[in-house]
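Taking it in order: structure first as C-alpha cells, then the write-up.
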Amino acid sequence: MSIYDTLNSQQQEAVFHTEGPVLILAGAGSGKTRVLTHRVAYLIEEKGINPWNIMAITFTNKAAGEMRERVDSLVGFGSESIWVSTFHSTCVRILRRYIERLGFDNNFTIYDSDDQKSLMKDICKRLQIDTKIYKEKSFLAAISKAKDELITPEEFALKAEGDFNQKKYACVYAEYQKQLRSNNALDFDDLIVKTVDLFQTQPDVLEYYQERFKYIMIDEYQDTNTAQFQFVSLLSSKYKNLCVVGDDDQSIYKFRGANIANILSFEKVYPTAKVIKLEQNYRSTQNILDAANQVICNNTERKDKSLWTDNDKGDKIELQVFNSAYEEAEFIVGDISQKVRNGDLEYKDCAILYRTNAQSRMFEEKFVIGNIPYKIVGGVNFYARKEIKDLLAYLKTIDNARDDLAVRRIINVPRRGIGPTTLSRVQDYALDHDLGFYDALKVVDEIPNIGRSAVKIRPFVNFIQMLRSKLEYVSVTELMQEIIEETGYVKELEADNTEEAMQRIENIDELISKIVAYEEESETPTLSGFLEEVALVADIDNLDEDSNHVVLMTLHSAKGLEFPNVYLAGMEDGIFPSYMTIVADDPTEIEEERRLCYVGITRARKWLTITSAKQRMIRGETQYNKVSRFVNEIPRQLFAKEPQKEKVSEVPKNLVYAAAKKNFHSKPFEAKPIAPSKNFGANHSSGLDYSEGDTVRHMKFGEGKVLQIVQGGRDYEVTVAFERVGTKKMFASFAKLKKCNAI
DNA sequence: CAGCCATATCTTTTT
DNA sequence: GATATGGCTG
C-alpha cells in the first residue's frame, strides 16, 4: 500500500507522468492540490530527484506554505529546499541576486499601489499634465497593462506614433520607469518583467536557473499573464518538464492581465504535451455541483468538461430575497449563530462571499453587535494603513536611501515644521544637481533660500544617519522601537486619546509583533528581508484555519478555498454581475463574472445559501436591483423553496423613484423608535437584568442607554443609544449587555 | 505652516 | 457614505 493508492486513476496518471510538458485540467474540488503534493513526493521518493531541482509556483503565499507542509508530511525530508512560492516572491528572490546586471541595486524597494500612485502624481506634476483630463489611475492602468504584455516604454512609444493621446501615455510610461530606476524601486509588475529581462539578456543566469529547476509546476495556470508565461517558458525551455494545473472555468483575473490563451493553447505551444482531465469532484454535494454546472454551461468559450461526484445529493440550496442589505446581513448572521448553537457547525466552517469589499460593512456591524468572532479578508490592507506606512517609510529610508518616496513621506511626519515651500526648494536643488532627494537633504546648507528651514532638516538627517550606522548591530525590532521612541509617534497618538488614535496604536503594536515574528522565523533576518515580506503578503495569507471565526471575503479572494457552509451575498444584477460588465460592449466580460459565480458556488461543501436584497445603498444612494441573472440559471428544483417572483420589477418605475426619494429623506436604516415603547414598560418581565431606560455596557461599544426592548421571535431585540457609537439595535442573547449602576 | 471645512469623485475584483 | 483634495484662516 503506497501513498499513491488513494488517488483515482487520472490523479495517478498526473502524478506518474513526470517527464515533458503536462497540462492538468482540474475542475473545482477535484483534488489538484493533492495531485501536486503527491507529484512532488513522487519526484523525490520514486524518481530520486533532488528537491533542490523542483520549483512550484502557487497563487498565494498561503498556498505555498500549505504545499510545503503537505509535501513534508508525505516525504519527511527535503521539502525546505524546494522552491515553493508565488510568481512575485520567486522573481524577487532571483532579482535580489542578479538585478545588478540590469543597473539596479540589490536592495531595491518594492512599490505597492499606494506608492505607485504617489509617484505618478509627482510625474504628472513635473510633466505639467492636467490630472483633471488625464487621470493618474488611467496612466497606471495603461502601464500595468503594457507590462503584463511585456511591452517596453520604447515599444509603447513606437506603437503610439501618430496618436497624440497614446504618445502622452508613452511619455509618462518612460518617465515613470526612469523615476523607478532612480529611486531604486520596482513595482509589482516590474518584478516579473525585470526577471524576464534578466533571463533574456543574461544567458548565464538563465542557464543557471534552467539547470537548477529541472522540474517546474505551476498552479492556477489559467490566471497567468503573458509576462508570467514568458518567465515560465524561458525557465522550462531546456528540460521542458513543465506541469501546469488549471481550470479555464475558474479564470477570474482578466482585469489583471491574465491571458486565458495560456491555458487554452497550451497544447499548441507544446505539441507533445500530455493532457489529463480531473473531473471527479470530492468537495461538494450533488446539488451544489449541479447548480455550478448549470451556471457555467451558459458560457460559450470553454474547454468541454463535465464535473461529477459520488457524493450524496445533500441539502437543497437556500435562496433568500430581502428588502434591504440590512435584513440580508441580519439573516445571515442570525443563521450562522443558530447553526452554531444547534451544534451543526462551528464559526470557522462558515464563509460569507460577496462581489465587492464595500459589502463587508453591514456584516461587520452585525457580527460586532452579535459578539460573533469574524475575520474580514481584504479591503484595506494592514500595511496600507497610514500609521503603518509612515513607520515602514522610516525603515525603507534606512534600507534604501534612494527611495525618495519614503523620505518625502516622513520628512514632516511627525511635524518638524518643514512645509511645502521648503520641500520644493530641496526638490529643485536635487533636480538641478542630479541628486536624490535625501542626498540633497544631506547638503541642506548649500541649498539657496533655505534659510531657517535648514535648522529643522539637519536633525532629521542626523537621525536617519544614526539609525543607518546602527543597522549592522541592532535587530529590526530594536530599530523600530528606536524610531517610535525618537519620533514620539506613539506618544503623539496617546496624547490625541481618540478612538481612532487608540486603534492606530493597536496597529503599531501589531506591526511590532509582526517584526518580532519575522525575526524569529527567518534564519537570516534582515531589514530588506522584512520589507520584502511586507510588500508581498496578501491579506489572505494571514488567514488562520485554526482560529474559530466566520470568514468574510470577496469571491476573488475565495479562490482555492472551501467551506462547509457558504453564503453568496448580494446576488443582484448590477452588483453581481457588476454594472460595469452588464453595460460593457464586450460579452466576454459577463462570462468572466459567470466564472466568478462558478468559483463562488463551488467553494461550498455541504450548505449553500444565496441571498439578495431588493434595495441597497451604493455610494450613498439607494439602488433597486433584480435578483442576479446567475440565480435564474440555477434550476428551480435545486432550491429549497420555489424562488419567489421578483416584486420590485413589477412596480412601475415612477413608483420606485418615489420610494427612493422618500427613503432618501427618512433614512430607513436608522433606529426608528426613539420614544420608549408603550408595549413594554420599565421593569417588564423580559427575563433580562436590564430594562428600558437603564444604562448598559457592551463589550465593544461601551456604555449606552436602553431605549427599547422588543420581543422578536425567539429573542429580545434591544435598541441602545451608545455614547460613542450612536444608536444600535441588537439581539439580547448575543450582545451580552451588562447593566451599569446608576450614575 | 498647520488645521479646519467645503468639494469632488468614487468602485469591481488584487499580487 | 467615505475619502482625498483644495482653499481658507489663524
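Just so we're on the same page: letters track the sequence lines, and every chain starts at 1. These numbers come from a predicted model, not from an experiment.
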Just checking [X]: base, sugar-phosphate only, or nothing, at a heavy-atom cut-off of under 4.0 Å?
{"X": "A:T421", "answer": "sugar-phosphate"}
{"X": "A:N412", "answer": "sugar-phosphate"}
{"X": "A:T356", "answer": "sugar-phosphate"}
{"X": "A:S557", "answer": "sugar-phosphate"}
{"X": "A:S453", "answer": "nothing"}
{"X": "A:I618", "answer": "nothing"}
{"X": "A:Y253", "answer": "sugar-phosphate"}

Can you list the residues that meet the ring-ring contact (aromatic ring centres under 6.0 Å, His included) rule with [X], with sequence neighbours excluded?
{"X": "A:Y221", "result": "A:F266"}
{"X": "A:F59", "result": "A:Y253"}
{"X": "A:Y176", "result": "none"}

Between A:R416 and A:I540, which has a closest nucleotide on DNA chain B that is more 5'?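 With A:R416 and A:I540 compared, the 5'-side residue is A:R416.
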
Toward the 5' end of DNA chain B, by each residue's nearest nucleotide, A:S113 or A:K135: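 Going by which nucleotide is closer to the 5' end, it is A:K135.
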
Separation of A:N357 atom CG from C:dA2 atom P, in whole Å?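 Spelled out: CG on A:N357 to P on C:dA2 is 16 Å.
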
May I ask you to decide whether [X] forms a salt bridge with [Y], counting only side-chain N to carboxylate O separations under 4.0 Å?
{"X": "A:E66", "Y": "A:K62", "answer": "yes"}
{"X": "A:R629", "Y": "A:D573", "answer": "yes"}
{"X": "A:D390", "Y": "A:R504", "answer": "no"}

Using the salt bridge (Lys or Arg N to Asp or Glu O under 4.0 Å) criterion, which residues pair with A:R96? Sequence neighbours excluded.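 A:E532.
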
Under the 6.0 Å and 45° cation-pi test, does A:K194 pair with A:Y98?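 Ring-cation test returns no.
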
Bounds of contact between DNA chain B and chain A, in 5' to 3' order, using a heavy-atom cut-off under 4.0 Å: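 Contacts span B:dC1 to B:dT15, reading 5' to 3'.
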
Check whether any side-chain heavy atom of A:L186 lies under 4.5 Å from a side-chain heavy atom of A:V92, and answer yes or no.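 A side-chain contact under 4.5 Å is absent here.
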
So if I define the base as every atom that isn't primed, P, OP1 or OP2, how would nucleotides 3-10 of chain C read as a B/S/- string at a heavy-atom cutoff under 4.0 Å? --S-----

